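Notes for the one structure printed next.
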Number of protein chains: 2
Amino acid sequence: MTKRTYICGLDAAITVMGGKWKGLILFSLGEEGPLRFGELRRAVPGISERMLILQLREMEASGLVHREVYHQVPPKVEYSLTEFGSSLNTALAPLGEWGEEHMERIEAIP
Amino acid sequence: MTKRTYICGLDAAITVMGGKWKGLILFSLGEEGPLRFGELRRAVPGISERMLILQLREMEASGLVHREVYHQVPPKVEYSLTEFGSSLNTALAPLGEWGEEHMERIEAIP
DNA sequence: TTCGGTACCCACACTTTTGTCAGTAGGAGT
DNA sequence: ACTCCTACTGACAAAAGTGTGGGTACCGAA
């Protein structure tokens, strides 16, 4: 949130995909296409409703995801990746592969 | 730090490169080769000594960086990427490029 | 004897992030 | 009338992250 300019591209990228969850949300939306709130919640195990909403709001504000409201009862809201979000997702792919490859080693760290 | 298994590779990767700094440290070490503590501090603008040390300790424990002590006075300690750290750095490259490409858009977000 | 330079460590306080547990709207089904 | 369903919202507190200002050790130089 500091108004200064980022020191490099990686810095900027890390800022937009913030904490622990945004990457996973991006990943889920990329893999499974548009998802409604409840589906997304199930797609990202361990996240609380509150966290999911907060993250989605930020990602919407960043232009990473699109929020489509269907005026129904009970309510239905669908989240999907924008072009921007999709491009981030692509850039994130190698990182995901790296994680897969070194999964055992990473799990042994704590 | 939770002992459960990660839900995907991206999850695992995000865990090892933790917060805001580890990616930048990795990047600096990758670009400028082995660096001593003070040099690293200058290479990552805005980080405090305390943070740098904490992050380096964690990264050492994760096997991402190697710490080489030279028994001199005044002290000299050099940090460098391990193979493991280097591979993460490579996987991080596309993310850095993405950030560069969309820098303006990202800066306009807050 | 005092000072400079390097790489740290420690205690404390503050800020940000994350979790928990309630509660709301409003039409449909019973 | 009452309950169910979904997507939220809000208050509160615990946990994690981060900054600040000090201190330590060591040896050589002045």
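The chains referred to below are lettered A, B, ... by the order of the sequence lines, with proteins before strands, and numbering in each begins at 1. Because the structure is predicted, anything quoted here is derived from the model rather than measured.
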Show the atom names and distances, to 0.1 Å, of all donor-acceptor pairs under 3.5 Å that link a side chain in residues 26-37 of chain B to residues at least two apart or in another chain.
from    : atom 1 : to      : atom 2 : distance (Å)
B/Ser28 : OG     : B/Leu24 : O      : 3.1
B/Arg36 : NH2    : B/Pro75 : O      : 3.2

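Partners of B/Glu68 under the side chain to side chain donor-acceptor pair (under 3.5 Å) rule, at least two apart in sequence or in another chain, are B/His66. Considering only residues two or more places apart in sequence or on other chains, A/Arg105 meets the salt bridge (charged side-chain N to carboxylate O under 4.0 Å, His left out) condition with none of them. Contacts of B/Glu101 classified as side chain to side chain donor-acceptor pair (under 3.5 Å), with partners at least two apart in sequence or in another chain: none. Scanning for side-chain contact (heavy atoms from CB on, under 4.5 Å) contacts around B/Arg57 gives B/Ile53, B/Glu60, B/Arg67, B/Tyr79, with sequence neighbours left out.
For the pair A/Glu78 CD and D/dC8 P, the interatomic distance rounds to 12 Å; values are reported in whole Å. Spacing between atom CG of A/Leu35 and atom C1' of D/dT6 amounts to 15 Å, rounded to whole angstrom units. In this entry the distance linking CE of B/Met17 with P of D/dG17 reads 14 Å, nearest Å. Look at NE2 on B/His71: it is 18 Å from P on D/dA25, rounded to the nearest Å. Computed from coordinates, the A/Leu52 CG to D/dT6 P distance equals 15 Å when rounded to whole Å. One atom, NZ of B/Lys22, and another, P of D/dA16, lie 14 Å apart when rounded to the nearest Å. Between the CE atom of A/Met51 and the P atom of C/dC21 there is a distance of 15 Å, given to the nearest Å. Summarising the geometry, the separation between CZ on B/Arg41 and P on D/dT18 is reported as 15 Å, rounded to the nearest angstrom.
Rounded to 10°, the angle separating the first-five-pair axis and the last-five-pair axis of the helix from C/dT1-D/dA30 to C/dT30-D/dA1 equals 30°.
Summarising the geometry of B/Met17 relative to B/Lys22, their closest heavy-atom pair is O-CB, 3.5 Å, with the distance given to 0.1 Å.
When the shell of 6.0 Å around CD of A/Glu104 is examined, it contains 12 or fewer heavy atoms from other residues, nucleotides or ligands.
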Quiz item: Reading nucleotides 5-14 of chain C from the 5' end, what letters show protein touch, with B for base, S for backbone sugar-phosphate only, - for no heavy atom under 4.0 Å?
Solution: BBSBS-B---

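The salt bridge (charged side-chain N to carboxylate O under 4.0 Å, His left out) contacts involving residues 45-56 of chain A comprise A/Arg41-A/Glu49, where partners must be two or more places apart or lie in separate chains. Sorted by first and then second residue, the side chain to side chain donor-acceptor pair (under 3.5 Å) pairs with a member in residues 81-96 of chain B read A/Trp98-B/Ser87; sequence neighbours excluded.
Contact check, B/Ser48 against D/dT18: no side-chain N or O comes under 4.0 Å of OP1 or OP2.
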